[in-house]
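Below, all heavy atoms of this structure are taken into account, side chains as well, without hydrogens, waters or symmetry copies.
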Amino acid sequence: MANLAYSPLFAREDRPPDSFWISLQYFNLYRIVIALVFLVATYFQYEPVNFGAHDLRLFRAVCIGYLVLGIALQFVVRSVRERFNLQLSVHALLDVVTIPLLMYASGGMRSGLGVMLLISLTGVGLVAPLRLNYLYAALAVIAVLLEEIYWVLALDLPSASMVPAGLLSMGYFATASATGWLAQRLAANERLARERGRALANQMRVNQLVIADMQDGVLTLDRQGRVVEHNPQAMRLLGMEALRGQALAAVLPGLEPRWRAWRDAGGRPPVSVDLEARGKEVRARLLDTGTEDRTTVVFVEDMTRSREQAQQLKLAALGRLTANIAHEIRNPLSAISHASELLVEERREQDRGRLTRIIHDNTMRLERLVADVLQLNRRDRVAAERIVLNAWLRAFVDEFSANEEVAAGRIVLEPARDAWVEFDREHLRQVLWNLLRNAVRHARAEAGSVRLAVRAFGDQVELNVIDNGPGVPESVRGQLFEPFFTTDSKGTGLGLYLARELSAANRAQLEYVADLPGAHFRVVCRGGVSA
């Protein structure tokens, strides 16, 4: 069966919005009022008005029928909300049939009633599809031209009277086109508004659920510092049953002067204030929304709960670290114990020397392990200072080369002019020492095999340690910074873990970058370039 080029005009369409039905009701009320006015006007005729001038009885009969049908259609529209296009077409056809009959009864085009069809076409065109608009216009043109042709042929009216009818017919099509285009634009805008409204309602509901379920309290303040909105957690944290409308000075007295000073300074950047509220230690974070009414959002965090959680995390991490340390100590202690027992029984000098070296090597391994653990314990004692890198790095590389017995020229320094970082001096030395030691161990034994490159970007400085060795296998990259993970039989596995912890303590970030054939470690620090 061949597909239809066009869908049926009066098929069951998608449910139109309620505004279309309301518009159709008002348009039908206009029809009822017009019929009633025309009918009453025929009983109070005066010279300028020629309603029913040609056939008064026909004019009154048509008005009565128009009025009765209008009232009947009003009941249908109010009770039957189906087949909108079909009902609209019935309304339009009623006008297309009635108005030409009223024109004929009043003397044809001279009555001026043909203009009423423009009003009808405009009214139905605002809610009808474009194809139906053209159908209504075509039917109106046919009806008006037939009415005027009848006057010319049957009643000997001059043929020149067809000109106004033709011009009026052109107006019908122009009205249908313009109204249909505007209706399409309005319908598209209405659909977009409904979609945006639904999306906004969904987003607001999601936001309400998220805010209501937050562990932190949320307050919204107006420009006078009064609470506009809040979530349930804010009431629980602050121990108040009613927050809306309360002044900030009553809710968080210690925050009010800080908030005003922050607002006077422009509200940038967000600030955090630690204070006590009703016996609880809380942290209030102020955030300016950037709106015209200068609304402020205050996030209230219970520091007691945060400290308890942090303490639990530290205890859990300490437990794992202690278990790993015990495991790492057990192996060298077993080796030392076994070698000591053999040393007592061994008579040959050569074997006694081998056992002594085993004891010495494992003792040194324990010493390094204890030193790393002690260094890890001191990571929170940060004394950050401004370090100018050029001179400091040259001295550091010379010291490292001398202590680790690295040949001259193997480490190449690529400094950035006048770069500086904010870092604890001893922590920075420990981080770079661990990174360079690993790089020298795995790089090829040639000049320039290890590079220490400095790059500055805005308020950040990168310290890059790059070697030309085999790099880190992809299978172990995820374990690089785990404690006690090592591929060196003599290592403790705490070097990279300690370096990352010391970097984090100085608000820096240590990461492995897989962008070169060799290994590439990068420390991103706070810093810049001196002006």
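Under the ring-ring contact (aromatic ring centres under 6.0 Å, His included) criterion, Phe400 pairs with Trp433, sequence neighbours left out. Residues satisfying the salt bridge (charged side-chain N to carboxylate O under 4.0 Å, His left out) criterion with Asp398, sequence neighbours excluded, are absent altogether. In this structure Glu511 satisfies the side chain to side chain contact (heavy atoms under 4.5 Å, CB included) test together with Gln509, Val513, Arg522, Val524, sequence neighbours excluded. Applying the side chain to side chain contact (heavy atoms under 4.5 Å, CB included) test to Val412 and every residue at least two apart in sequence or in another chain returns Glu414, Arg451. Partners of Glu195 by salt bridge (charged side-chain N to carboxylate O under 4.0 Å, His left out), not counting sequence neighbours: none found. With sequence neighbours excluded, the residues forming a salt bridge (charged side-chain N to carboxylate O under 4.0 Å, His left out) with Arg194 are Glu190, listed by chain and number. Scored by the side-chain hydrogen bond (donor to acceptor under 3.5 Å, both in side chains) test, Glu405 finds no partners at all (sequence neighbours excluded). Here Thr295 pairs with Thr220, Thr289, Thr291, Asp293 under the side chain to side chain contact (heavy atoms under 4.5 Å, CB included) rule; sequence neighbours left out. By the ring-ring contact (aromatic ring centres under 6.0 Å, His included) test, Phe457 pairs with no residue at all, sequence neighbours left out. By the side chain to side chain contact (heavy atoms under 4.5 Å, CB included) test, Arg425 is found to be paired with Glu385, Ile387, Trp392, residues two or more places apart in sequence or in another chain being considered. The ring-ring contact (aromatic ring centres under 6.0 Å, His included) test applied to Phe299 returns no partner, not counting sequence neighbours.
Shown here for Ser23 and Val127, the closest heavy-atom pair between the two residues is CB-CG1, 4.2 Å. Residues Asn438 and His442 come closest through the heavy atom pair O-ND1, 2.8 Å. Ala439 and Asp467 make their closest contact through CA-OD2, 3.7 Å (heavy atoms, listed as atom of the first residue, atom of the second, distance). Listed here is the closest heavy atom pair of Phe423 and Ser503: CZ-CA, 4.0 Å.
The pair Arg507-Glu422 fails the salt-bridge criterion, with no side-chain N (NZ, NE, NH1 or NH2) lying under 4.0 Å from an Asp/Glu carboxylate O. Between Arg437 and Glu404 there is a salt bridge, since a side-chain N of the basic residue sits under 4.0 Å from a carboxylate O of the acidic one.
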I'd like a table of donor-acceptor pairs (distance under 3.5 Å, sequence neighbours excluded) in which one partner is a side-chain atom from residues 246-259, with atom names and distances.
from, atom 1, to, atom 2, distance (Å)
Glu256, OE2, Arg260, NE, 2.3
Glu256, OE2, Arg260, NH2, 3.3
Trp259, NE1, Thr296, OG1, 3.3

